[in-house]
Amino acid sequence: MSRDRTIPGLTVALAVCAIGGYFIPDWLMNQMMFGFARALAILGLLVLWRTGLVSFGHALYFGLGAYAVALLDINLGISDAFVRLGVAMLVTGGVGTLLGFILRNYRDIFFAMLSLAFSMVLYGILVKTEALGSTDGFTVSPPTFLSAAPEGKYPLFVLICVFGWLAAVLVQGYLRSTLGRLTTAVRDNEIRVEYLGYSVARAIHIKYVMSAVLTGAAGALTAMALGQVDPDSMVNWTASGELVFVTILSGPGSVAAPFIGSLIFELLRTYAFELVPHAWQMIVGGTLLAVIFFLPGGIWSLFARALKADK
Amino acid sequence: METLITIILDGLQYSSYLFIVSVGLTITFGVMKILNVTHASFYTWGAYTAAFFIGQFSEMGWPDAFGFVIILVSAIAVGTVLGYLIERGLLRRMYERDEVLIVLATFGLFLVLEDLILLVFGVNPYFAYQPMALLESVEIGGITRDVYGLTLIGVAALVAVLCWYGLNRTNWGKLLTAVIYDREMSEAMGINVTRVYVVTFIIGAVLGALGGAYIAPTVSVTPGFGVDVIVLSFAVVVIGGMGSIPGALIGSIVVGLMRAVAVHELPEVELFVVFAIMAVVLVFRPEGLFAPAKPRKI
Amino acid sequence: MSGDPILQVIDLQKTFGAVVAAKDINIDVSTGEVIGIIGANGAGKTTFVNMVTGYLKPSSGTIRFEGRDITGKPPRLVTQTGISRSFQVSQVFTSMTVYDNLLTALAITDSRGFNALRPIQRPDLTRRCEETLVRYQIDQYHDSEASTLPQGVRKLLDIAMAMVSKPRILLLDEPTSGVSAEEKFNIMDIIMGALKADQVTVLFIEHDMEIVERYVSRVVAFYQGEVICDKPPEEALIDSRVREFVIGEEYPLEVREAGSHADH
Amino acid sequence: MLTIENLDVDIESIPILRKIDLVLESGKMIGLIGRNGAGKTTLMRSIMGLLKAKAGTITFDQAELTNIAGHRRAHLGIGYMPEDRRLVPELSAEQNILIPVWSTGISDFQNRLNWIYRIIPECKAFQSRPATSLSGGQQKLVALGRALMVGERLLLLDELTEGIAPVLAHRMGEILTTLKSEGVSVFIAESNDVHVAGLLDKSYVIERGAISAQTQSHQVNTSEAST
Amino acid sequence: HAKDNIKIAVPAFLSGGAAGPFGVPARNGAEIVIDAINTGKLPAPYNSKGFAGATASVDFVDESGGSTKQVAEYRNLVQKRGMDVVIGYISSGSCVALAPVIEELKTLTVLATCGTPRVFEEKSRKYIFRTMAHATADNVAAAHYVTSLMPSVDSYTGINQNYAWGQDSWRDFDLSVQHLKSSAKASKKLQFPKIFAGQYGTEISALSLDKSKLIHSSFWGGDLEAFIFQGAARGLFKKKKVVFTVGGTAAYRLGKKMPNGLVLGARGPYGILVRDRKTALNEWFVNTYKNRYGTYPPGPSYQYGQAVLATKIAYDKAAKAAGGFPTQEQVIKAFTGMEFESFSTTVKMALGDGHQAITENGYGITKYDNENGEPGITDVKFFPAECVMPPQGVTSVDWIKGGMKGAKC
Ligand SMILES: Nc1ncnc2c1ncn2[C@@H]1O[C@H](COP(=O)(O)OP(=O)(O)OP(=O)(O)O)[C@@H](O)[C@H]1O
Ligand SMILES: Nc1ncnc2c1ncn2[C@@H]1O[C@H](COP(=O)(O)OP(=O)(O)OP(=O)(O)O)[C@@H](O)[C@H]1O
Ligand SMILES: [Mg+2]
Ligand SMILES: [Mg+2]
């Protein structure tokens with residue numbers, strides 16, 4: 001068995017990003033912020049996916065995280081990045097725990113569809129409530145950091161990178177633990193898990209809450225990076241679809257995969273939009289089809305191959 | 001009283017529309033276990049094709065009643081061609097794969113077909129008002145209704161009866177049950193599964209296209225107008241029980257009526273109500289109102 | 001060692017609509033017994049095991065394990081009290097290797113409190129895992145994915161996984177069905193050897209009378225949801241109702257008299 | 001009737017069957033005996049067209065099966081009972097037996113159904129119950145009935161007696177003997193041949209995907225053949 | 001430092017339901033004006049070549065996909081693609097969302113069509129200009145038109161899209177009518193369907209059952225056309241009077257199918273309302289557009305053309321003052337408070353500290369011109385800018401609520 005070099009690799013990547021981020025052009029930094037922030041949600045979905053569950057409604061948590069930030073900003077004028085992030089995670093954790101009691105009894109397409117229903121309920125509420133910004137959403141003011149209000153995006157960028165690193169390391173540790181192993185175990189055979197004396201429902205619930213919190217953090221960080229929240233691109237079913245899409249694109253192979261996949265998706269969309277404005281959806285859709293057909297392991301499998309060739 | 005009649009008629013009309021679209025979705029899911037997002041594309045393509053040709057023929061001076069023929073022909077043509085190409089070209093290679101991957105593959109294809117619409121038909125909306133204008137309007141319950149909209153109810157009923165007959169009164173329908181459960185064994189039992197799949201998929205596609213084509217005369221057919229329909233159909237299909245035709249019927253009626261009530265009485269909750277029902281139904285009946293049997297595991 | 005029954009089944013009933021799958025079943029099992037359950041198809045054997053292990057709720061009746069009432073408890077809790085089972089159709093983690101299957105099983109049974117968060121690859125677990133593989137003689141399949149295993153090996157793995165929780169009573173549903181003629185005794189020997197070492201009480205469902213004769217200390221025969229016979233094998237296999245409904249009149253009686261209960 | 005020559009079959013590009021040669025004459029009953037994982041099921045599935053042959057031929061009555069679509073086999077009068085039963089849970093036991101009737105359009109199915117009920121009366125007892133609820137062995141009987149429905153000329157029975165109580169297994173043997181006398185060819189795969197050994201006209205022993213021995217009449221001794 | 005090239009991005013809906021009725025005409029309007037500027041072919045006094053002499057290269061970008069996407073795209077336009085000026089935006093959603101980003105990225109951005117007053121009322125802006133009046137003008141003018149020309153209307157309801165545009169439009173209209181005719185009654189059941197919903201059967205029933213005599217709607221694009229179709233088939237427009245604040249675009253597109261008797265606005269002196277104004281600039285615009293695209297220019301074409309024109313004027317003015325190619329700061333200075341003659345009207349950058357334009361606003365009633373086979377309009381009445389827009393320093397809502405102080409009608 002070869003030694004797992006994920007954590008050293010991630011740490012090096014963090015250092016490179018944090019230092020390199022100081023020198024890269026703003027637009028690239030933006031893309032990386034969006035990409036890495038979303039990657040947190042993908043990380044959560046990856047845990048679920050390994051359990052055999054796919055949520056078509058995780059935009060619920062993405063949206064909740066983002067809207068938590070916006071509402072804190074608008075109603076209470078709270079701009080501190082850590083408070084915003086913390087509250088977003090608390091809120092999504094709370095909602096995730098509650099819904100988890102229901103969703104943990106669902107599998108396959110039913111899990112996907114019930115998640116979808118819950119997220120669309122939130123969508124319906126947001127779109128129709130003027131006080132929640134209806135279709136327009138809200139503008140989010142730039143974050144401050146422990147009462148420092150630095151110029152530019154670099155501090156937020158570093159926060160996203162560090163938080164991403166932390167999440168990846170924790171998830172990696174989790175996947176290697178017994179609880180983590182329960183992902184594959186539950187997907188493969190629930191009956192056996194129950195007869196080993198472990199509650200499948202509890203295992204799923206834990207994973208669900210984890211993914212909810214990660215997705216909430218993703219939403220919160222995206223809202224801060226972007227300065228805008230709105231229901232159509234953050235809570236609608238297409239947003240959930242996009243998250244699943246990026247999960248497939250990234251591949252389940254490693255906790256590093258979401259970061260790579262998500263950034264590539266961001267760049268792909270930007271360039272497609274710039275170069276073929278009339279057919280950018282076609283490019284994105286075509287890429288998805290190509291990955292499903294030719295890269296079942298996602299983009300990560302290309303990296304894995306490259307890494308192997310290196311040795 | 002007036003309001004009640006209006007709500008019921010509005011609701012039924014909307015239900016009928018939903019039913020025509022979602023029954024195709026449920027059939028495809030029921031038989032092939034594919035939650036087909038490209039169903040939205042069938043709908044859109046059906047609508048565009050019908051609207052385009054109704055416009056063309058009307059310009060050439062053909063009688064307006066010919067519009068109905070165009071609607072039917074467009075639905076069949078679009079459904080057959082797209083359905084055949086997609087099943088043979090894409091899905092056939094995917095049956096062994098994860099359900100979710102198939103959903104996403106159809107999602108990818110949906111994106112591709114959306115932009116293809118732009119390339120083929122351009123960005124301008126199409127209007128195919130002729131069939132609707134032809135049938136004029138009547139006054140029911142104190143308000144004017146277009147007769148065309150009411151015929152939707154008849155069309156939906158016809159579709160329902162045909163589907164019910166096909167599934168319950170023909171050998172073909174019974175064979176479907178076998179194919180649904182076990183593709184491979186069905187093959188061994190002498191069923192031409194490949195053909196069953198193609199035909200089923202095409203039927204689903206034709207119904208999706210019919211939904212679009214039939215609604216085309218009442219709307220301005222614009223790019224992207226299938227996006228919301230598909231998620232509503234998901235709701236209908238899930239409420240009714242995925243793969244169940246009576247389920248799709250009941251689901252459509254529930255959603256259509258509730259939406260009508262909301263729009264009339266409490267417009268703020270219109271969007272929310274559909275998915276709230278979906279969530280409630282799922283919570284109390286996890287597999288929808290008409291759930292299929294499950295195999296014994298141990 | 002024996003004496004108080006480890007498992008007591010009292011007036012157990014189960015109906016599925018009009019079908020009576022269990023009717024007034026009363027069985028006491030003492031520690032260390034090896035009980036063979038035989039019966040016609042659809043007689044209610046699997047239903048019985050399913051009820052004892054919590055997969056099905058009895059319509060009425062009581063199941064006591066070591067004096068505690070476990071009736072209607074879910075499989076998870078039943079397992080935690082010390083009952084384990086294997087399945088008519090092996091229930092393994094299909095996408096994992098044999099090693100990972102066992103390691104996962106070990107880790108899950110060892111997941112009280114914070115243990116659940118510790119890395120799964122830890123010396124105590126891996127050592128026990130390797131040991132178990134050797135004990136069940138499946139170590140040569142160490143890295144094979146479970147979905148590609150021959151049926152017999154998969155059965156062994158299934159039983160090994162059932163054993164990791166150190167149960168005090170084990171129920172096996174047709175451990176040798178689908179196992180080839182030349183392997184079945186081998187497999188049974190391995191099972192019995194392993195079980196004897198851990199002092200486990202065993203009930204197993206079996207259609208193969210050679211196995212029954214050779215390994216069990218007591219036979220319980222089911223017919224249409226009822227226990228029609230509960231005797232030592234020598235007597236049970238010549239019981240007239242058992243012969244009529246379960247094993248058939250032709251079953252050769254004389255051949256194996258010497259061979260039964262031989263040590264393997 | 002059925003002739004297999006030089007058959008090679010791969011699963012996911014791993015060679016599973018190698019150079020299989022086998023002949024089944026009309027009205028005979030042959031067995032395919034082998035340990036777990038030897039390739040019995042794989043061979044059955046290849047005959048049914050559920051797996052693709054990589055090389056070699058399977059000829060049934062002059063027809064080259066490898067060139068014919070999988071579903072045509074039932075139409076040729078071949079009935080297949082898979083080892084894992086695979087009934088349709090939504091249908092009743094009887095409807096499961098009737099599936100091949102609907103697909104092949106057999107006309108006198110009522111007689112045949114009655115005949116099946118006569119030889120397996122257990123099936124009649126639960127004819128209208130959903131397949132979901134049946135016990136393992138009961139499902140097996142329905143699967144056998146289903147194979148009998150179309151298998152007018154050739155029956156492929158995989159693990160016929162697995163999980164079947166001894167009384168019933170014995171009776172199945174008798175049923176097959178009757179069938180044979182009516183001209184049906186029968187091909188049985190068994191890993192444990194105690195119940196059928198006496199009935200076979202010929203046995204092939206399969207080992208790691210290749211035929212290793214062939215025995216006429218009743219003297220198959222598997223434990224020797226495979227060591 | 002002379003410059004021969006500036007990069008302009010022109011966002012507009014190029015896909016989705018708003019593309020046909022709105023985005024494409026808007027794009028076309030911008031295109032003919034930019035082409036004419038680059039070749040020096042605009043009528044005098046604008047016949048100098050280029051923007052302060054610099055030729056413009058244009059990227060037309062798609063505005064669809066929601067405000068979040070627009071924010072991300074805007075960053076790309078400026079930071080990655082290095083745009084000097086961004087001219088455009090149709091949806092109020094885009095504009096509200098973009099305002100803070102524009103200020104953050106400090107790039108001159110001229111909003112062409114979007115209507116919500118919030119952009120300049122929330123905060124004062126430095127880099128943002130809007131060269132047409134905001135939505136308050138549409139709705140105040142609508143209220144004036146209805147109350148003065150349609151005395152029988154004593155009750156009204158509305159159907160508007162559920163976002164800033166629709167909500168603000170209804171609020172302004174409602175408040176204005178209340179001020180101008182306090183006896184008029186507003187319905188309690190207002191319809192706010194989701195933007196791009198497309199099917200309004202149930203809403204039309206609800207509106208039909210409503211006792212109100214007038215329906216107010218700020219629908220636009222594909223939604224507007226669908227609503228008109230479905231309403232016409234249901235006899236809605238025979239039963240109710242309807243005022244469409246953005247109805248102008250539909251008149252050309254629906255042609256004969258557009259019902260007669262609808263009250264239409266074009267968000268100012270644009271499109272069908274001013275087709276026959278006989279000024280040199282207007283004639284040039286209408287003819288050039290018709291020659292190139294085969295139809296009369298609807299409102300959005302005017303609005304985008306006007307935004308481009310304003311930008312050129314500001315550049316030229318700044319260049320003159322600076323005696324060379326101006327810096328962005330100089331252009332902004334020149335732009336602020338500017339007053340200029342546009343294709344169809346005079347535009348004054350009077351509000352939002354000189355960043356928000358005011359113009360006159362008018363309405364008319366549809367009447368198909370059977371003689372020429374063209375859509376036509378009658379009873380056109382314009383209200384001066386100072387009548388329908390608040391003065392500097394007062395928000396629209398406060399102004400209307402406070403009794404439209406200082407309005408000069
Ligand atoms: N998907 C697969 N991938 C790799 N190997 C496979 C796969 N499926 C089957 N095999 C291998 O093919 C061989 C033959 O399997 P097959 O099921 O035909 O055996 P069998 O003789 O029917 O065994 P049993 O008596 O246990 O049913 C086995 O060694 C098995 O491991
Ligand atoms: N879930 C169920 N629903 C309805 N009937 C059931 C169900 N489970 C079992 N039965 C019926 O109960 C009876 C006993 O079934 P069980 O599975 O216990 O039999 P068994 O003794 O294990 O048979 P076999 O040897 O064939 O496995 C059978 O008649 C079966 O059809
Ligand atoms: Mg059983
Ligand atoms: Mg086999």
Side-chain angles (χ1 to χ4, degrees), chain A residues 24-31 33-35 62-63 66 123-124 126-142 151-153 219 222-223 225-236 238-239 242 266-267 269-282, chain E residues 9 11-12 14-16 19 27 59-82 91-105 114 116 118-119 122-123 160-168 170-171 192-197:
Chain A
I24 54 175
D26 281 346
W27 70 268
L28 186 58
M29 185 149 78
N30 272 320
Q31 301 266 290
M33 283 199 290
F34 301 151
F62 197 86
Y123 176 74
L126 289 177
V127 157
K128 282 282 181 170
T129 314
E130 203 179 338
L132 294 174
S134 48
T135 320
D136 295 309
F138 295 114
T139 300
V140 177
S141 68
E151 267 289 296
K153 293 264 162 155
T222 305
L226 195 61
Q228 173 72 20
V229 300
D230 83 68
D232 270 295
S233 53
M234 288 178 155
V235 197
N236 203 357
T238 41
E242 190 177 291
E266 201 62 46
L267 292 170
R269 195 167 55 171
T270 305
Y271 278 100
F273 192 70
E274 184 176 329
L275 301 176
V276 274
H278 268 297
W280 68 276
Q281 292 196 81
M282 197 181 274
Chain E
L14 298 180
S15 63
R27 194 203 93 105
D59 271 333
F60 293 102
V61 297
D62 192 354
E63 195 187 329
S64 59
S67 46
T68 306
K69 175 150 169 285
Q70 289 315 304
V71 170
E73 280 313 318
Y74 184 88
R75 286 182 190 278
N76 280 328
L77 286 177
V78 172
Q79 295 182 327
K80 176 160 179 291
R81 296 162 74 177
S91 165
S92 293
S94 312
C95 292
V96 171
L98 284 171
V101 189
I102 296 171
E103 293 294 305
E104 181 197 329
L105 301 187
C114 60
T116 172
R118 293 184 203 179
V119 179
E122 280 170 354
K123 259 192 189 135
N160 291 283
Q161 293 146 332
N162 68 325
Y163 73 118
W165 169 254
Q167 290 154 357
D168 291 354
W170 168 256
R171 188 174 305 130
F192 282 101
K194 186 172 170 296
I195 184 173
F196 305 143

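Worth saying up front: this structure is predicted, and the values here are computed from it rather than measured. Sequence lines set the chain letters: A, B, ... in the order given, protein chains first and strands last, and positions in each chain run from 1.
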Point to revise | E:Asn162 (side chain) donor-acceptor with A:Val127 (main chain) under 3.5 angstrom | key: yes
Revision key, fill the gap. If one checks every heavy atom of E:Glu104 against chain A at 4.5 Å, the contacting part turns out to be side chain
**Study point:** From OG (E:Ser64) to CD (A:Gln281), nearest 0.5 Å
**Key:** 7.5 Å
Revision key, fill the gap. Separation between OG1 (A:Thr135) and CH2 (E:Trp165), nearest 0.5 Å, reads 14.5 Å
Point to revise | Max heavy-atom pair count under 4.5 Å with chain A, selected residue of E:Gly93, E:Ala97, E:Ser91 | key: E:Ala97
**Study point:** E:Glu73 versus chain A, the contacting section by heavy-atom distance below 4.5 Å
**Key:** side chain
Review point. Measuring heavy-atom distances to chain A, does E:Ile195 have an atom under 4.5 Å in its side chain, in its backbone, in both, or in neither?
Key: side chain
Point to revise | Check: A:Tyr271 and E:Lys80 side chains under 4.5 Å, non-hydrogen atoms | key: yes
Revision key, fill the gap. Result for side chain to side chain contact (heavy atoms under 4.5 Å, CB included) between E:Ser67 and one of A:Leu226, A:Asp230, A:Thr139 points to A:Asp230
**Study point:** Nearest heavy-atom neighbours spanning E:Gly65 and A:Ser233
**Key:** O-CB, 4.3 Å
**Study point:** Region of A:Asp232 in contact with chain E, defined by heavy-atom distances below 4.5 Å
**Key:** side chain
Review point. Just wondering, do A:Phe273 and E:Lys69 contact through their side chains at under 4.5 Å, heavy atoms?
Key: yes
Check your understanding: By a 4.5 Å heavy-atom criterion (distance strictly below it), what part of A:Phe138 contacts chain E: side chain, backbone, both, or neither?
Key -> neither
Exercise for review: Go through the atoms of A:Val229 and report whether side chain, backbone, both or neither lie under 4.5 Å from a heavy atom of chain E.
Suggested key: backbone
Practice item. Would you check, one step at a time, whether the test side-chain contact (heavy atoms from CB on, under 4.5 Å) holds for A:Glu274 with E:Asn76? Key: CA-CA 9 Å; A:Glu274 184 176 329; E:Asn76 280 328; 5.8 Å; no
Check your understanding: Got a salt bridge between A:Glu130 and E:Arg171, using NZ or NE/NH1/NH2 to carboxylate O under 4.0 Å?
Key -> yes
Check your understanding: Looking only at heavy atoms, what is the nearest atom pair of E:Ala72 and A:Phe34, with distance?
Key -> CB-CE1, 4.1 Å
Review point. Does A:Lys128 reach the main-chain N or O of E:Phe192 with its side chain, forming a donor-acceptor pair under 3.5 Å?
Key: yes
Check your understanding: With a 4.5 angstrom heavy-atom cut-off, which part of A:Gln31 approaches chain E: side chain, backbone, both or neither?
Key -> side chain
Review point. Side chain, backbone, both or neither: which part of A:Ala225 has a heavy atom under 4.5 Å from chain E?
Key: backbone
